[in-house]
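Here the structure is laid out as structure tokens; the discussion comes afterwards.
All values reported here derive from a predicted model rather than from experimental measurement. Residue numbers start at 1 and run along the sequence shown.
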Amino acid sequence: MRGFVLLSTGHQMPMVGLGTWKSAPGQVKQAVLTALDCGYRHIDCAAAYSNEQEVGEALALRIGPGKPLHREEVFVTSKLWNTKHEPEDVEAACQTTLTDLGLSYLDMYLMHWPMAFQRGTELLPRREDGSVCYSDTHYRETWKAMESLVDKGLVKAIGLSNFNARQMDDILSMAKHKPVVNQVECHPYLSQQPLIAHCRSQGVCVTAYSPLGSGDRPWASPNEPALLEDSGLQAIALRYEKSPAQIILRWHIQKEVTCVPKSVTPSRIQQNLQVFDFILSEEDMALINSFNRNERFIIPTVNNGGKKVWRDYEHPHFPFHNSY
Ligand code: A2P
């Protein structure tokens with residue numbers, strides 16, 4: 001199986017990219033260097049990860065005249081944060097990301113979430129009771145502003161993240177530049193089969209975030225299932241003489257889902273790219289499909305002094321109500 005997908009823009013996107021969410025400052029630069037040095041050509045970033053400057057330091061050491069890589073050889077994605085949905089804020093937000101990453105264009109720019117937050121510099125503007133301050137800006141308005149980034153050459157392609165099928169269709173129905181990607185949580189416990197099928201029917205590529213089950217999400221509790229320790233998965237890994245992480249990544253790839261596993265550990269970064277030298281049988285693909293529990297690990301909630309405030313569900317554009 002080849003290591004790229006062909007996007008609707010005609011560009012190629014490497015199937016495996018390095019995820020950088022939760023990669024701490026002080027660690028992410030080395031992680032990106034390790035990744036580029038061992039063959040990754042796809043780095044997944046976001047303004048909200050608060051580490052793009054450090055990612056940029058790594059890119060600057062490896063990309064450019066006299067460096068090992070040309071800019072065109074590396075596919076870089078970033079994401080517009082929820083506080084920047086106001087159409088007049090979109091270009092400046094993109095420029096900030098470009099400056100932080102030290103790039104003149106992005107290969108992909110995603111709307112990080114369909115919900116808009118109150119404008120400003122705070123990532124998570126909140127009221128005194130801890131609830132998030134939203135804004136009424138509709139994602140359709142934000143999308144139009146993102147389209148002009150393509151026209152201006154700041155980004156090669158635009159796409160969505162955390163959009164459900166209905167919201168994606170809403171964008172598709174009005175878009176001048178169609179969304180090229182929808183990046184969503186996806187792993188064997190949340191296999192997203194209906195959404196993947198729908199995206200495919202619309203020519204939208206699915207990228208899996210938290211493809212390994214996001215064991216290091218800050219709110220993980222010991223009672224929640226740990227995907228990488230799943231005994232069924234471990235049994236398959238033993239049979240293929242691969243790690244559970246490699247089995248999962250291979251499962252994504254064989255479904256033509258691109259994925260962005262996060263790691264700051266050199267051996268794991270390397271291991272996560274070594275997934276093109278074996279093939280899971282149809283039976284094992286079906287077996288891994290059967291692990292699905294519709295278990296969503298990444299639900300945006302606000303932890304208010306230990307008490308979860310589920311106000312995100314009140315937002316009209318919260319994506320995970322009733323639609324896949
Ligand atoms: P670390 O960054 O300490 O190496 P996800 O991509 O689903 O969000 O998962 C990220 C988590 O999975 C991190 O805790 C990361 O740890 C861990 N991880 C990444 N690759 C592997 C691997 N090959 N084996 C085990 N754990 C991994």
Side-chain angles (χ1 to χ4, degrees), residues 1-7 11-24 27-46 49 51 54-63 67-78 101 106-108 181 183-188 205-216 227-228 233-234 236-280 284-285 288:
M1 159 106 38
R2 64 194 192 285
F4 294 87
V5 283
L6 189 61
L7 300 172
H11 295 101
Q12 288 191 325
M13 176 162 79
M15 300 225 54
V16 177
L18 179 75
T20 59
W21 176 43
K22 305 179 259 75
S23 300
Q27 293 188 317
V28 73
K29 179 177 171 186
Q30 191 50 51
V32 174
L33 289 173
T34 302
L36 292 174
D37 291 349
C38 76
Y40 282 72
R41 295 294 177 263
H42 176 179
I43 311 289
D44 183 77
C45 316
Y49 303 162
N51 58 13
E54 201 177 312
V55 172
E57 287 172 25
L59 297 179
L61 288 173
R62 292 293 184 271
I63 300 175
K67 312 276 167 58
L69 294 166
H70 297 296
R71 171 67 187 89
E72 314 83 69
E73 291 177 279
V74 185
F75 193 102
V76 182
T77 296
S78 185
L101 293 173
L106 294 171
D107 296 277
M108 181 68 66
V181 158
Q183 184 179 125
V184 295
E185 178 181 349
C186 183
H187 44 72
C205 170
V206 176
T207 298
Y209 76 68
S210 299
L212 304 175
S214 193
D216 59 346
L227 174 60
L228 286 171
L233 187 69
Q234 288 185 336
I236 299 173
L238 274 178
R239 279 198 274 115
Y240 284 85
E241 298 184 348
K242 293 285 176 182
S243 73
Q246 288 172 313
I247 297 294
I248 295 174
L249 296 172
R250 185 69 208 178
W251 171 80
H252 285 294
I253 290 167
Q254 286 186 212
K255 288 156 76 92
E256 295 252 330
V257 169
T258 56
C259 46
V260 288
K262 172 264 176 185
S263 179
V264 291
T265 311
S267 60
R268 289 172 171 174
I269 294 171
Q270 286 162 12
Q271 179 193 118
N272 292 348
L273 198 61
Q274 287 159 9
V275 288
F276 295 97
D277 59 352
F278 71 106
I279 296 176
L280 292 168
D284 287 324
M285 287 295 290
I288 301 170

| query | Once you round to the nearest 0.5 Å, how far does CD1 of Ile253 lie from CD1 of Ile279? | reply | 11.0 Å

| query | Is a side-chain donor-acceptor pair under 3.5 Å present for Gln254 with Arg250? | reply | yes

| said: Tell me whether Thr265 contacts the main-chain N or O of Ser267 through its side chain, where contact means a donor paired with an acceptor under 3.5 Å. | reply: no

| request: Give a yes or no on whether the backbone of Lys22 and the side-chain of Asp216 come within a donor-acceptor separation of less than 3.5 Å. | output: no

| remark: For Cys38 and Ile269 the tightest heavy-atom approach is SG-CG2, 4.3 Å

| query | If you round to the nearest 0.5 Å, how far is NZ of Lys242 from CZ of Phe278? | reply | 5.5 Å

| said: I'd like to know if the side chain of His252 and the backbone of Pro211 have a donor-acceptor N/O pair within less than 3.5 Å. | reply: yes

| message | Minimum heavy-atom separation for Trp251 and Met285, please, with both atom names. | response | O-CE, 3.5 Å

| query | Is Lys262 salt-bridged to Asp44, cutoff N-O under 4.0 Å? | reply | no

| query | Will you find, in the side chains of Gln271 and Ser243, an N or O donor that is under 3.5 Å from an N or O acceptor? | reply | yes

| said: With heavy-atom distances below 4.5 Å as the criterion, would you say the side chains of Met13 and Thr207 are in contact? | reply: yes

| Can you list the steps and then say if Thr20 with Ile43 is a side chain to side chain contact (heavy atoms under 4.5 Å, CB included)? | CA-CA 8 Å; Thr20 59; Ile43 311 289; 4.2 Å; yes

| query | Does Val16 reach the side chain of His42, with side-chain heavy atoms less than 4.5 Å apart? | reply | no

| Is Tyr49 close to Val28 at the side-chain level, that is, under 4.5 Å between some pair of heavy atoms? | no

| request: Would you kindly say whether Tyr240 and Asp284 are connected by a side-chain donor-acceptor distance under 3.5 Å? | output: yes

| field | Side chains of Ile247 and Ile288 in contact at under 4.5 Å (non-hydrogen atoms) | value | yes

| remark: Of all heavy-atom pairs linking Ser263 and Leu18, the shortest is O-CD1, 3.8 Å

| note | Here the gap from Leu7 atom CG to Gln12 atom CD, rounded to the nearest 0.5 Å, amounts to 8.5 Å

| request: To the nearest 0.5 angstrom, please state how far the CG atom of Leu280 sits from the NZ atom of Lys255. | output: 11.0 Å

| query | If you look at every heavy atom in Met15 and Val257, which pair is closest and at what distance? | reply | CE-O, 3.7 Å

| request: Look at the side chain of Glu54 and the backbone N and O of Lys29, then say whether any donor-acceptor pair between them is shorter than 3.5 Å. | output: yes

| Atom SG in Cys205, atom CD in Glu256: separation rounded to 0.5 Å? | 8.5 Å

| Looking at side-chain heavy atoms only, is the closest gap between Phe4 and Thr258 below 4.5 Å? | no

| query | So Val206 and Val181, side chain to side chain contact (heavy atoms under 4.5 Å, CB included) or not? Walk me through it. | reply | CA-CA 6 Å; Val206 176; Val181 158; over 6 Å; no

| field | For Leu227 against Pro188, the heavy-atom pair lying closest together | value | CD2-CD, 3.6 Å

| Atom CG in Asn272, atom CG in Leu212: separation rounded to 0.5 Å? | 6.0 Å

| Do the side chains of Leu61 and Val32 get nearer than 4.5 Å, heavy atoms only? | no

| From CA spacing to verdict: side chain to side chain contact (heavy atoms under 4.5 Å, CB included), Trp21, Ser210 | CA-CA 9 Å; Trp21 176 43; Ser210 299; 3.9 Å; yes

| remark: Here the pair of heavy atoms bringing Cys259 nearest to Leu249 is SG-CD2, 3.8 Å

| message | Using a 3.5 Å distance criterion without hydrogens, assess whether the side chain of Arg41 forms a donor-acceptor pair with backbone atoms of Leu36. | response | yes

| task | Start with the C-alpha distance between Arg71 and Asp107, add both sets of side-chain angles, then the distance that settles salt bridge (charged side-chain N to carboxylate O under 4.0 Å, His left out), and finish with yes or no. | result | CA-CA 10 Å; Arg71 171 67 187 89; Asp107 296 277; 2.8 Å; yes

| said: Tell me whether Gln246 contacts the main-chain N or O of Gln274 through its side chain, where contact means a donor paired with an acceptor under 3.5 Å. | reply: yes

| Under the side chain to side chain contact (heavy atoms under 4.5 Å, CB included) criterion, do Cys45 and Leu101 qualify, and how do the steps go? | CA-CA 9 Å; Cys45 316; Leu101 293 173; 4.1 Å; yes

